[in-house]
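Read through the structure below, which is laid out as structure tokens, and then see the notes.
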Amino acid sequence: MLILLILSPLIMSQVRVRFAPSPTGFFHIGSARTALFNWLYARHTGGVFILRIEDTDKERNSEQFLQLIYESLTWLGMNWDEGPKYGTSGGGDHGPYRQSERGDIYQAYVGKLLAAGRAYEKDGAIWFKLLGERHEVFDEHRKKTVTKVKTPPVVIEDQIRGRVERVEDEDFVIVRSDGNPVFHLVNVVDDIAMQVTHIIRGEDHLSNTSKHVALYEGFGVKPPAFAHIPLILKQNGPGKMSKRDQGALIEEYQKRGYLPEALVNFLCLLGWNPGDDREKMPIADIIKLYDLPGINQSNARFDDKKLAHMNMLYLLEQPADKFGARAREYFAQQTENAAAKAALTADAAYFGEVMALSQPKVKGVEELPAYTGYFFTEDFATDAKVRDKVMGKGDPKARLAELIEWVPTADFSSDAAIEEGLKALAAKHTLGFGDYQSVARLAVSGTNVGPSITGMFRVLGRGRVRARLQKLSATA
RNA sequence: GUCCCCAUCGUCUAGCCCGGUUAGGACACUACCCUUUCACGGUAAGAACCGGGGUUCGAAUCCCCGUGGGGACGCCA
């Protein structure tokens, strides 16, 4: 009882936000960001994040895309408190959370409008009736005569844009002639029924909002707070980012081995910032600082380079075993890639060591198969240009001979030991470490980029190193 | 065409609300340093207040107009 008394004002004012996607296509960056901004607000305020599936378009819905929504949200770390059950997310007593299962509710609400004279039937469809004087006018753009209604402007108090006024001056369809309710109706009905307090959505919905506010008024319900967030523009060319644009799909980043934390961090910064210079920050800090007034008003262009950089930052701080596991997962997906296949057949500990060696060197997991190829096969390619350059400088043949002789008895127990050994070798001829490094690298990897040569020696082991040195020596 | 939103480096942005800054940071680009290659890291450089009016001693900041960008105008969501 006492607890209830203390909690009741909290419950009364609890923020309830929703993300309401339709399963009609791949899950893309824009949707993810809208979900994220809602999720953050719920977590920031200690409110409720609702997932509602807007599957009223029977033609275009698919179960596959529905699953993709669940998977993508979960992958990004956005759990939902109410909604369809999936893993540990979902549940709640405002369901069902799929609009395809809420037909009775919509019918009841339409009934209310019909009874109140705020809706009528025409051409087999049900229309919402605006209040005011009517007159016919020819619409040049749509090339037809339409009935306009003289109405006062609808006022939207937007949390991001301030006061926005827009005149809604035409009745609109709320139930199609086939009996299916349309988006505007179900969206508003569900937000009323689910007691949504804040509608955070893309700015592309701002023009729809006048319809929605009119519907709220028709139902005699005070509209919730609106927050229209800026859109993400495509990287190249004009217009907003759409599912078909390069880099638009969440699934793609998942497949490419991006870290979800990095993608989320990047997405947060597209239209929001903590107010200082911090960019890479833990999600807990973002939740703490995130708020609606901090959201920008202007659209943001997507930048894959900045995302890649953010991903590298996160990758760099991954524990080696986690990084190795992620790499293995990525390699396993590359079924067409011979290098990836070969790597997977290698000993697990060896694979892990190779990845640990490469972790600080690459920008993304996707670089790994090509970057580490020579660790897993003796049949690796040699870069002709690098070969000419290395073999044309100093006396590489002599260095190779020395290395071949040195390897069998050298101390390979640690990178430091190998370094010491090589330095001692160089000192005998008053040469530098670099004189051995370049030719050794060419011999064992066929290129001039890669991890430290000492690390490569240690991981490859004496046998392989010596064989490769001899092979180069024989063909040089 | 009508309506709505927006406008700081190439890009993401701080500063704007509450007028006085060498207009700051990050990505990208360039140079140098570090170094055992390549990266990472460090330092430096270049790079912006869309234009025009107004208000003011003073405007990136407030107001108006233009221009530009974006969005919406479906029995799609």
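Just so we're clear, the structure is a prediction, and the values are computed from it rather than from any experiment. In the text below, chain A, chain B and the rest are named by the order of the sequence lines, each starting its count at 1.
A:Asp123 comes within 4.0 angstrom of a base, heavy atoms only. In this structure, A:His205 reaches the bases: a heavy-atom distance under 4.0 Å links it to at least one base atom across the strands shown. Residue-level contact check: A:Asn180 touches neither bases nor backbone, having no heavy atom under 4.0 Å from any strand. Base contact: A:Ile453 has a heavy atom under 4.0 Å from a base atom. Among the heavy atoms of the strands lying under 4.0 Å from A:Ser452 is at least one base atom, whether or not backbone atoms are also near. Residue contacts shown for A:Arg441 include a base, since a base heavy atom lies under 4.0 Å away. The residue A:Arg278 sits apart from the nucleic acid: no heavy atom pair falls under 4.0 Å. Among the atoms of the strands shown, only primed sugar atoms or phosphate atoms (P, OP1, OP2) are found under 4.0 Å from some heavy atom of A:Gly239. Among the heavy atoms of the strands lying under 4.0 Å from A:Ala125 is at least one base atom, whether or not backbone atoms are also near. Residue A:Glu54 is in sugar-phosphate contact alone, with no base atom involved, counting any heavy-atom pair closer than 4.0 Å across all strands shown. Across all strands, A:Thr454 comes closer than 4.0 Å to base atoms (heavy-atom distances). When heavy atoms are screened at a 4.0 angstrom cut-off, A:Ser298 is found touching the sugar-phosphate backbone but no base atom. Residue A:Pro238 is classed as a sugar-phosphate contact, given heavy-atom separations below 4.0 Å to backbone atoms only. A:Gly202 comes within 4.0 angstrom of no nucleic acid atom, judged by non-hydrogen atoms across all strands.
Using cut-offs of 30° and 60° on the angle between ring planes, the pair A:Tyr290 and A:Trp272 is tilted. Between A:Phe351 and A:Phe376, the ring planes are tilted. Angles from 30° to 60° get that label. Ring orientation note: the planes of A:Trp406 and A:Phe457 are tilted relative to one another, at an angle of 30° to 60°.
Mapping A:Thr24 and A:Lys240 onto RNA chain B by nearest heavy atom places A:Lys240 closer to the 5' end of the strand.
Sorted by residue number, the members of residues 155-168 of chain A with any non-hydrogen atom under 4.0 Å from RNA chain B read A:Arg161, A:Val164, A:Glu165, A:Arg166.
Of the N and O atoms on the side chains of A:Thr454 and A:Glu419, not one donor lies less than 3.5 Å from an acceptor on the other residue. Residues A:Asp55 and A:Ser100 have side chains that bring a donor and an acceptor to within less than 3.5 angstrom of each other. No side-chain donor from either of A:Tyr97 and A:Asp190 sits under 3.5 Å from a side-chain acceptor of the other. Using modelled atom types, one finds a donor on one side chain and an acceptor on the other under 3.5 Å when comparing A:Arg201 with A:Thr209.
Nucleotides B:rC50 and B:rG41, compared at atom P, are 32 Å apart to the nearest Å. Between the C1' atoms of B:rU13 and B:rC6, the separation comes to 15 Å (whole Å). Look at the P atom in both B:rG69 and B:rA59: the space between them is 29 Å, to the nearest Å. For the P atom pair drawn from B:rG20 and B:rA26, the interatomic distance equals 24 Å after rounding to whole Å. Taking atom C1' on both B:rG15 and B:rU61, the two are 9 Å apart, rounded to the nearest angstrom. Of the P atoms belonging to B:rC27 and B:rC73, the separation is 39 Å, rounded to the nearest Å. For the P atoms, the distance linking B:rA47 with B:rC40 amounts to 25 Å, nearest Å. Comparing B:rC18 with B:rG53, their C1' atoms are spaced 25 Å from each other, to the whole Å.
Scanning for ring-ring contact (aromatic ring centres under 6.0 Å, His included) contacts around A:Phe27 gives an empty result, with sequence neighbours left out.
In this structure, A:Lys144 does not pair ionically with A:Asp139, as no charged nitrogen and carboxylate oxygen lie closer than 4.0 Å. Comment: A:Arg458 engages A:Asp415 in a salt bridge, judged by a side-chain N to carboxylate O separation of less than 4.0 angstrom. By the 4.0 Å N-to-carboxylate-O rule, A:Arg256 lies close enough to A:Glu252 to be salt-bridged with it.
Using the Watson-Crick or G-U wobble rule with both distances under 3.5 Å, B:rG1 pairs with B:rC73. If you check B:rC16 for Watson-Crick or wobble pairing at under 3.5 angstrom, you find it has no partner at all. Nucleotide B:rU56 forms a pair with no other nucleotide shown, judged by Watson-Crick or G-U wobble geometry with both contacts under 3.5 Å. Within the shown strands, B:rA44 is the pairing partner of B:rU30 under the Watson-Crick or G-U definition, both distances less than 3.5 Å. In a base pair of the Watson-Crick type (N1 to N3 plus N6-O4 or O6-N4) or a G-U wobble (N1-O2 and O6-N3), with each distance short of 3.5 Å, B:rC9 is matched with no nucleotide. Base pairing annotation: B:rG51 forms a Watson-Crick or G-U wobble pair with B:rC65, both donor-acceptor distances under 3.5 Å.
If you walk RNA chain B from 5' to 3' and mark each nucleotide with an atom closer than 4.0 Å to a heavy atom of chain A, the marks span B:rG1 to B:rA77.
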**Prompt:** For A:Asn187 and A:Arg18, what are the C-alpha separation, side-chain angles and deciding distance, and is it a side chain to side chain donor-acceptor pair (under 3.5 Å)?
**Reply:** CA-CA 11 Å; A:Asn187 198 262; A:Arg18 46 61 166 188; 3.2 Å; yes
